[in-house]
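Treat the numbers as computed from the prediction; the structure is a model and nothing was measured. Below, chains carry the letters A, B, ... as their sequence lines are ordered, and counting in each starts from 1.
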Protein chains: 2
Amino acid sequence: MELGKAEEIAAKLRSDILNGMLAAGTKLAPERELSEQFGVSRMTARRAIQALEGEGLVVRYPVRGTFVAGIRERLLVERGREVQSPPGSQAIAAAELRQSGSFLKDMQRLGRKPRVQFLEQSALVAASDDIAAHLHIPKGRLVLKRYRLQSADNLPYRLIESYYPADLFGELLTLDIGDTPLFAWLQERHGLKVTHTQEMLIARLATQNERQLLQISANAPVVAIDRTVLASTGRPVEWAHIIAVAALYMFTYEYDILDWNQEQKHGDTPATDQTSNTPGNQRRATYWDRH
Amino acid sequence: MELGKAEEIAAKLRSDILNGMLAAGTKLAPERELSEQFGVSRMTARRAIQALEGEGLVVRYPVRGTFVAGIRERLLVERGREVQSPPGSQAIAAAELRQSGSFLKDMQRLGRKPRVQFLEQSALVAASDDIAAHLHIPKGRLVLKRYRLQSADNLPYRLIESYYPADLFGELLTLDIGDTPLFAWLQERHGLKVTHTQEMLIARLATQNERQLLQISANAPVVAIDRTVLASTGRPVEWAHIIAVAALYMFTYEYDILDWNQEQKHGDTPATDQTSNTPGNQRRATYWDRH
DNA sequence: GAGTGGTCTAGACCACTAT
DNA sequence: TAGTGGTCTAGACCACTCC
């Protein structure tokens, strides 16, 4: 098999963690100590631990040390049709988007101390190309921008950069609706009922900026989510770009499968196909690229 | 801001890539050359490039070099209700699970050369605890196991480890159904119609083993998917554990939002809550842990 | 002051491949 | 043979926190 030294150490620690020898919460030996134990340089021991960190098996804190993580700490996000808890899962269920202000409520229900931090003052800004396209409004039209960080027990969970058409939500800048869910207010004030959501997910490592804001280290993956919330009329009422700490989340989806015989009923998405086959090297950077 | 040297270099290259100065496919300068240009050690230059790799902006090949990647190469997986192509997206649409054998068909439709490689000979095995629980059968009952690697143009896309109840699919070991979709055959042979699917996703870095099989490097994230496919009777007919190269995928979901007023209609998943609040340090490792 | 992880240096050898 | 990324060494200094 010829594993490298770092991977040998990682494999040893990994199996110790997975078979329970090292229980969740246990503090690992410091890097310098591991390097002595295994007779390697500190950088090699370090890479071993970084590998485990990326796999979500350990969590590292400067000064404090490295600790065994556990999947039980992941926040379970449920989407789609009614979802049953996966057998054996001990993850934490979230009511995300079933109710507004769901992060606060979920965390409170779980006995944690949630915190929402506005990284910028909410303001009306002119819609960029991206935002205009997602909200189906002309470029330059005013939108309400919110940029916030959600944490629980002082542990950052995700960054949310969200945009709302100003004609619907602009007055919220001066109007305090208290605990009223945003979309409940929308329905009362404008008669628009929120009915469905489109999401796009990609997984990648965090950028430097995201690492600082989310307090994670260089090997920690994030899930980048692009979300459009639509009213029953089909009008987009929110577009959000979310960066979630991957190690803290678990996403559950349930969906129907189309009939095997009525293939391509929903179309073979010709627009996407055509563009995807063109080289298109000069494509503008979208939100997916702008980390 | 006080960025480290590695992050300074990464930031420079990142902006060059995102604003188009470095087009997709461009070969980056070798590590040794970059380290000279920026006046840092090779390890520092290397960490800069590894950061970009994790973000999905570049792809590295031993011997060949490092190349600018592009989001246009991601395979777009569409789930849920009818999905519209996201504005500006040039990702590739996949018919995943809308038809069986979808990977082959998708890739062929895109003009790529798909390949499915069986990493183990398919066989009947006794169901472990996990598999039995997911398939709703007693532990030890026979299941058909398949373990395969899907690639396109010799580029590995994902590992699929899948299990099927032997009473339904066992005869496939000796029966060649050719190109017939697996679930179409199921309906004809057993009258079971596949209707919906539950999926769980987590994102993490790949393990050594996964890195070797998927031919990705240490900083590359994967998306681990746990999928149960159910017949209209509610019986699970497939359980699969999928490891997808994160940089090659993009997941799209569309789902309905429940009425804001009928909160908790689907229950607040008490079972999950109760277990999740217990420390539970002695929980058995599940498939989510077994990388 | 001691100890933690974060960063960085200036080398080294390896496997592999294109020429 | 030259050049690539992959791995490793044996140090170093830093910022930060806990004692």
Side-chain angles (χ1 to χ4, degrees), chain A residues 1-11 13 26-54 57-69 154 205-212 214-220, chain B residues 1-11 13 26-54 57-69 154 205-212 214-220:
Chain A
M1 201 55 179
E2 291 188 27
L3 298 179
K5 294 184 184 180
E7 181 52 33
E8 265 183 32
I9 300 173
L13 294 173
T26 308
K27 184 176 184 299
L28 261 59
E31 294 174 353
R32 290 163 180 83
E33 194 173 316
L34 281 177
S35 69
E36 279 186 25
Q37 282 179 24
F38 289 92
V40 297
S41 73
R42 185 185 156 207
M43 279 305 294
T44 302
R46 183 174 172 75
R47 276 193 301 113
I49 303 179
Q50 283 178 329
L52 299 180
E53 181 190 25
L57 294 177
V58 303
V59 191
R60 327 190 69 192
Y61 305 100
V63 184
R64 293 176 52 196
T66 301
F67 299 83
V68 177
N154 286 324
L205 292 195
T207 64
Q208 167 81 7
N209 184 42
E210 292 163 355
R211 290 203 297 270
Q212 287 183 350
L214 294 171
Q215 293 175 32
I216 53 181
S217 59
N219 259 12
Chain B
M1 203 51 179
E2 288 186 29
L3 299 180
K5 294 185 183 179
E7 181 53 34
E8 265 183 32
I9 299 173
L13 293 173
T26 309
K27 184 176 184 298
L28 261 60
E31 295 174 351
R32 291 163 177 83
E33 194 173 318
L34 281 176
S35 68
E36 278 185 25
Q37 282 179 21
F38 289 93
V40 297
S41 73
R42 184 185 156 207
M43 280 303 295
T44 302
R46 184 175 170 74
R47 277 194 298 113
I49 303 179
Q50 282 178 329
L52 299 179
E53 182 190 23
L57 294 178
V58 303
V59 191
R60 329 191 68 192
Y61 306 100
V63 185
R64 294 176 52 197
T66 301
F67 300 84
V68 177
N154 286 322
L205 291 196
T207 64
Q208 167 82 7
N209 184 41
E210 292 163 356
R211 289 203 297 268
Q212 286 183 349
L214 294 171
Q215 292 174 33
I216 53 180
S217 58
N219 258 15

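For A/Arg60, whose side chain is taken as the heavy atoms from C-beta onward, the closest listed nucleotide among D/dG5, C/dG5, D/dT9 is C/dG5.
Distance A/Gln212 CD to C/dG5 C1': 16 Å, rounded to the nearest Å. In this entry the distance linking CG of A/Leu52 with P of C/dG5 reads 13 Å, nearest Å. Straight-line distance from the CZ atom of A/Arg47 to the P atom of C/dT7: 15 Å, rounded to whole Å. Rounded to whole angstrom, the span from the CG atom of B/Leu28 across to the P atom of D/dG3 amounts to 18 Å. With rounding to whole Å, A/Glu31 atom CD is found 15 Å from D/dT9 atom C1'. Distance, A/Asn219 CG to C/dG6 P: 10 Å, rounded to whole Å. The distance from atom CZ of A/Phe38 to atom C1' of D/dT9 is 18 Å, rounded to the nearest whole Å. When rounded to the nearest whole Å, the span between NZ of B/Lys5 and P of C/dC8 equals 7 Å.
Separating the CG atom in B/Asn219 from the CZ atom in B/Arg211 is a distance of 9.0 Å, to the nearest 0.5 Å.
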Using a 4.0 Å heavy-atom cut-off to protein, can you give one letter per nucleotide of nucleotides 10-19 of chain D, 5' to 3': B if the base is in contact, S if only the sugar-phosphate is, - if neither? B-B---BS--
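Checking A/Gln50 against A/Arg47 by side-chain atom types alone, no donor-acceptor pair falls below 3.5 Å.
Counting heavy atoms from C-beta on, the side chains of A/Arg46 and A/Arg60 come closer than 4.5 Å. Inter-residue side-chain proximity for A/Leu205 and B/Leu205 is flagged as met; some heavy-atom pair is nearer than 4.5 Å.
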Set out, in order, the CA-CA distance, both residues' side-chain angles and the distance that settles side chain to side chain contact (heavy atoms under 4.5 Å, CB included) for B/Gln208 and B/Gln212, then state yes or no. CA-CA 6 Å; B/Gln208 167 82 7; B/Gln212 286 183 349; 3.2 Å; yes
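In this structure, A/Thr44 does not reach the D/dT7 phosphate: none of its side-chain N or O atoms is under 4.0 Å from OP1 or OP2.
Within the 4.0 angstrom heavy-atom criterion, only backbone atoms of the sugar-phosphate kind lie near B/Ala6; the bases stay farther away.
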